[in-house]
Amino acid sequence: MLTRLYVDNFRSFDSFEYRLDRLQIIFGANGSGKSSFADALLLIRQIAIVGAPLDDYNLLIQRTRWLSRAALTFELEAELDGLTYIYKFVVQPAGDPPQASIALETLHLAGEPLFRFESGDVHLFNDQFEESVVYPFDPLRSAFATISPRQDNQRLTRFKMWLSSLFCFRINPFALSGRAESENLWPNANLSNLASWYRHLVQVEQKRNFVFTQALPKVLDGFKFLALEPVGENVRLMIAEFGSGGSSAKYVVNELSEGQRCLICLYAILHFLLAKGCTVLIDEPDNFISLREIQPWLTAVSDVVGETPAQVILISHHPEIIDQWAPAYGTHFIREDGGRTCVQPFPLHDGSLQPSELIARGWLD
Amino acid sequence: MIAEDVRHQQFVRRYLYRLGFEAHDIRFDKLPAGAGSGEQWVRLRYPVAVKAYRERSPKARTALIVVIDADTESTAERSKRLSDALKELALPDRTTRERIVHFIPKRHIETWIACLNGSPADEEQSYKKRGANLDGAIIDAARAFFEWSRPNANVPVQCIPSIRSAIVEAGRLTA
């Protein structure tokens with residue numbers, strides 16, 4: 001699970017450090033850095049797993065405005081199988097015009113090196129932490145992203161597999177497409193490719209798909225089933241059928257209400273990712289969801305976290321979520337006078353007010 | 001359900017799943033804002049919830065479950081505090097026919113978790129381990145409580161008195 005994130009010189013993060021638990025709710029004022037936290041986490045995953053050029057992420061213009069240092073630092077700590085992995089990269093401007101380039105990229109296990117990319121050279125270490133290979137690489141992208149699994153780098157591969165199954169979501173029902181022109185192995189951050197991801201899932205996750213479709217009638221009134229119907233060569237439409245008794249009607253998923261689309265996304269995340277033990281961050285999961293549906297989903301999430309190695313980080317302003325989770329799992333993001341983001345655990349209180357009421361009154365500030 | 005802490009909620013929720021209830025059938029009241037304030041919070045919410053239950057129960061089959069640690073008091077004393085909270089609002093005490101259930105672990109929910117998992121448990125000792133992950137132990141404890149509270153169940157001799165009281169209380173749910 002993700003245990004710590006350190007970010008420096010990125011948006012409002014100035015030597016920002018945050019230690020996480022298996023269930024986490026992040027709350028705070030608008031502009032306190034909550035969504036930037038999600039973006040930082042997603043950025044680390046994309047750079048280290050996808051390996052696109054750093055310039056695609058416009059990192060240099062996202063440096064903290066009041067700091068004069070050039071380098072951005074991202075450091076992620078994870079505990080896997082009882083061992084502590086620390087992945088870190090430092091980005092600096094290089095060349096003219098300046099481009100974002102990797103000054104340092106490392107992976108350590110319990111303080112011992114597994115990977116180092118520095119001054120344009122990649123140093124690979126085997127599972128016994130012995131340096132095995134050195135070769136030059138383009139510093140304009142992550143070298144870590146290009147490392148393939150081998151017999152002698154199983155520890156590095158373990159970390160990389162975990163990082164590839166770390167997901168950050170900001171569900172956008174307006175972007176969700178009902179067309180699946182291919183199978184997508186992974187969902188997008190906004191779940192716009194739900195249909196293409198689901199097309200993959202029905203092939204490889206049949207048991208989980210059964211549980212998923214069994215859960216939907218409880219949250220979508222009149223729901224009967226989901227199907228992928230062919231509408232041309234290799235193109236499928238994700239269809240939801242609703243009805244009662246003998247009558248029924250079919251809708252492409254993007255014809256459903258925004259709330260219904262979000263509920264399908266939330267239960268897909270629950271049954272296909274969390275049930276597999278993934279680490280998942282969801283920014284404002286309550287958007288568009290009716291009040292009646294928030295607590296049952298939250299309960300189902302708590303249950304899955306209790307039964308699997310899954311980890312859930314929610315960012316929310318919703319009183320329903322805050323009142324249930326904040327006293328035990330809450331982290332308050334604070335930014336004073338537009339300065340650096342800091343974190344505080346939910347404070348002890350005499351219990352005469354609900355957590356959301358304390359926040360609404362500004363009594364945590 | 002009014003519970004004083006997340007673990008209390010988890011335990012009863014897991015027990016209710018065993019009885020056949022699902023997430024959509026259960027509504028949890030808010031948790032108190034601060035650790036250590038649970039008892040006060042539950043007593044504050046209890047009369048409001050009882051009033052709502054009585055308004056609702058003629059129309060629908062519903063139940064109210066309260067989960068509160070006895071701490072250093074006895075189970076009976078804690079239950080009396082709940083009755084006193086009703087009196088303060090001039091509400092009649094619960095009747096034997098009402099599906100209002102008082103689960104009162106003594107000394108804490110952690111004592112129940114230990115006992116239901118087969119460990120020797122003493123109601124006078126504190127087993128609280130804040131921050132420890134008890135998820136798996138809670139699931140097993142709820143399963144054991146379900147087994148022990150079934151009709152004609154053979155309750156083990158090591159079962160502590162507050163769990164025996166809770167088994168009687170659970171009868172209100174299934175009656």
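By convention in this document, chain letters (A, B, ...) are assigned in the order of the sequence lines, proteins followed by strands, and residues within each chain are numbered from 1. All values below come from the heavy atoms of this structure, side chains included, with hydrogens, waters and symmetry mates left out.
For B/R27, the parts sitting under 4.5 Å from any heavy atom of chain A are the backbone and the side chain alike. When heavy atoms are compared at a cutoff of 4.5 Å, A/S356 does not approach chain B at all. No part of B/I138 comes within reach of chain A, as not one of its non-hydrogen atoms sits under 4.5 angstrom from that chain. For A/E320, the part sitting under 4.5 Å from any heavy atom of chain B is the side chain, from C-beta outward, and nothing else. Contacts between B/R43 and chain A at a heavy-atom distance below 4.5 Å are absent for every atom of the residue.
Residues A/W325 and B/V6 form no side-chain contact, since every pair of their non-hydrogen atoms from C-beta on lies 4.5 Å or further apart. Inter-residue side-chain proximity for A/T299 and B/Q9 is flagged as unmet; no heavy-atom pair is nearer than 4.5 Å. At a threshold of 4.5 Å between non-hydrogen side-chain atoms, the residues A/E307 and B/I139 count as touching. Inter-residue side-chain proximity for B/H24 and A/W297 is flagged as unmet; no heavy-atom pair is nearer than 4.5 Å. Residues B/R14 and A/D303 have side chains in contact (heavy-atom distance under 4.5 Å, counting atoms from C-beta outward).
For A/R361, the CZ atom counts as densely surrounded, since its 6.0 Å shell holds more than 12 non-hydrogen atoms of other residues, nucleotides or ligands. Annotation: A/E336, atom CD; neighbour count of heavy atoms from other residues, nucleotides and ligands within 6.0 Å does not exceed 12.
In plain terms, the two heavy atoms of B/W41 and A/Q354 that are nearest each other are CH2-CG, 3.4 Å. Shown here for B/A23 and A/P296, the closest heavy-atom pair between the two residues is CB-O, 4.0 Å.
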Next item on the list: Begin from the C-alpha positions of B/D135 and A/R22 and carry the test side-chain contact (heavy atoms from CB on, under 4.5 Å) through to its verdict.
Entry: CA-CA 11 Å; B/D135 288 342; A/R22 285 188 63 213; 4.1 Å; yes
